[in-house]
There are 2 protein chains.
Amino acid sequence: MDQETKELRKAGLKVTHPRMRILQIFEEAEERHLTAEDIYKRLLSHQEDIGLATVYRVLTQFEAAGIVMKHNFEGGQAVYELDRGKHHDHMIDVDSGKVIEFMSEEIERLQHEIADRHGYVIEDHSLVLYVRPKKKR
Amino acid sequence: MDQETKELRKAGLKVTHPRMRILQIFEEAEERHLTAEDIYKRLLSHQEDIGLATVYRVLTQFEAAGIVMKHNFEGGQAVYELDRGKHHDHMIDVDSGKVIEFMSEEIERLQHEIADRHGYVIEDHSLVLYVRPKKKR
DNA sequence: TTACGTGCAAAACTTTTGCATGGAC
DNA sequence: GTCCATGCAAAAGTTTTGCACGTAA
């Protein structure tokens, strides 16, 4: 039994063609971060007959099942990435649109400290740096 | 000449009724963070005849002029707040929807350090903590 | 007077939903 | 066979735009 099938079964989801193909799209893709539209277009270009509504439904289920993470960066469309388990934040090159992942134990620690100081516990968080390449000189 | 007029003039914007009223709505509001819809509803309740499209147009101009800041928190609608100049990040109580502002020099410093290490400079950034009140015991 | 601003309605865009059919187990 | 999943089209929700009219400077 292949990896995708296992992943779907584990999530208690029926193993259907759209779900398999969407998982594969993520695995094949160069970029880790894709919009629903990106995925839909790639399916179309492989002559797949899968509706955009299905893409959204599948992504929503995948998110609930912890298979993907959804991010609301600037610019209307939500982006999704496979949830590989290791938490990280994002840096977006505003010139090229490239997404860089990073992780700082130190920032994580400070966030918890701040929330705690205000009487809260962190449920989730979102840190995005919008960056531009340093000028060389 | 009052404060609102001064602010609009400084931004090179004509002093019109909708622009004045929208500035005032921000100043009167208990919450610092309002959606376009929030503002529109408050105008309606004051019997103002200002269209929602105008609210969006004015907010967009205000953002370009540095009068307000726009945030894309989770949940579809963008929120706007007056730009008082002092940078801060946000903590959102997911139970009540309450928005708490905070600021950490330490986190700011680490962000720059990380961007720099990757060969970038930070153009802008967004840090939002989604939190829940600590359980008492 | 003239360029810019506004209200209204329609359009654009992303995402969700209703419904009849199809497919996994 | 049963229940969940899907495609399609339509709806919903937010934001933008076209256009004719209005108004600040």
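Per chain, numbering begins at 1; letters A, B, ... match sequence-line order.
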Which protein N or O atoms sit under 3.5 Å from an N or O of nucleotides 20-22 of chain D?
none

Protein-nucleic acid N or O pairs under 3.5 Å, nucleotides 10-12 of chain D:
none

Between the protein and nucleotides 16-19 of chain C, which nitrogen or oxygen pairs are less than 3.5 angstrom apart?
from	atom 1	to	atom 2	distance (Å)
C:dG18	O6	A:Arg57	NH1	3.2

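Listed by first then second residue, pairs satisfying side chain to side chain donor-acceptor pair (under 3.5 Å) with a partner in residues 47-56 of chain A read A:His17-A:Glu48, A:Arg21-A:Glu48, not counting sequence neighbours.
A:Ala36 comes within 4.0 angstrom of nothing in the nucleic acid, heavy atoms only.
No donor-acceptor contact under 3.5 angstrom links the side chains of A:Gln24 and A:His46, judged on distance only. Side chains of B:His71 and A:Glu74: a donor-acceptor N/O pair is absent below 3.5 angstrom, by distance only. Side-chain contact of B:His125 with B:His87: a donor-acceptor pair under 3.5 Å is present, judged by distance alone.
Regarding A:Ile39, its CD1 atom lies at a distance of 14 Å from the P atom of C:dT14, rounded to whole Å. Distance, B:Tyr40 OH to C:dG7 P: 9 Å, rounded to whole Å. Atom CD in A:Glu63 sits roughly 12 Å away from atom P in C:dT15 (whole-Å rounding). Separating the CG atom of A:Leu43 from the C1' atom of D:dG7 is a distance of 13 Å, rounded to the nearest angstrom. For the pair A:Glu48 CD and D:dT6 P, the interatomic distance rounds to 13 Å; values are reported in whole Å. Straight-line distance from the CD atom of A:Gln61 to the P atom of D:dC3: 18 Å, rounded to whole Å.
The C1' atoms of five pairs define one axis at each end of the helix from C:dT1-D:dA25 to C:dC25-D:dG1, and these two axes lie 30° apart (to 10°).
To the nearest 0.5 Å, atoms CZ (A:Arg117) and CZ (B:Phe102) are separated by 10.0 Å. Rounding to the nearest 0.5 Å places CD1 of A:Ile67 at 9.5 Å from CG of A:Asp83.
Side-chain contact between A:Val58 and A:Ile39 is absent, with no heavy-atom pair separated by less than 4.5 Å. Residues B:Leu127 and B:Ile107 form a side-chain contact, since some pair of their non-hydrogen atoms from C-beta on lies under 4.5 Å apart. Proximity of B:Ser126 to B:Asp124: side-chain heavy atoms (C-beta onward) are nowhere separated by under 4.5 Å.
In terms of position along DNA chain D, the nucleotide closest to A:Ile50 lies nearer the 5' end than the nucleotide closest to the other residue of the pair B:Asn72 and A:Ile50.
For A:Lys98, the NZ atom sits in a loose shell: 12 or fewer heavy atoms of surrounding residues, nucleotides or ligands are nearer than 6.0 Å. A 6.0 Å sphere centred on NZ of B:Lys134 holds more than 12 heavy atoms belonging to other residues, nucleotides or ligands. B:Glu28 CD: more than 12 foreign heavy atoms inside a 6.0 Å radius.
Nearest heavy-atom pair, A:Ala78 versus A:Asn72, reported as atom, atom and distance to 0.1 Å: CB-OD1, 3.9 Å.
Ion pairing between B:Arg32 and B:Glu81 holds under the 4.0 Å rule for side-chain N and carboxylate O. Checked for salt-bridge contact, B:Glu113 and B:Arg109 meet the test: a charged N lies under 4.0 Å from a carboxylate O.
Only A:Arg9, A:Lys14, A:Val15, listed by number, bring a heavy atom of residues 3-33 of chain A to less than 4.0 angstrom from any atom of DNA chain C.
Clustering ILVMFWY residues whenever any of their side-chain heavy atoms sit less than 4.5 angstrom apart, transitively, puts B:Met91 in a cluster other than the one holding B:Leu34.
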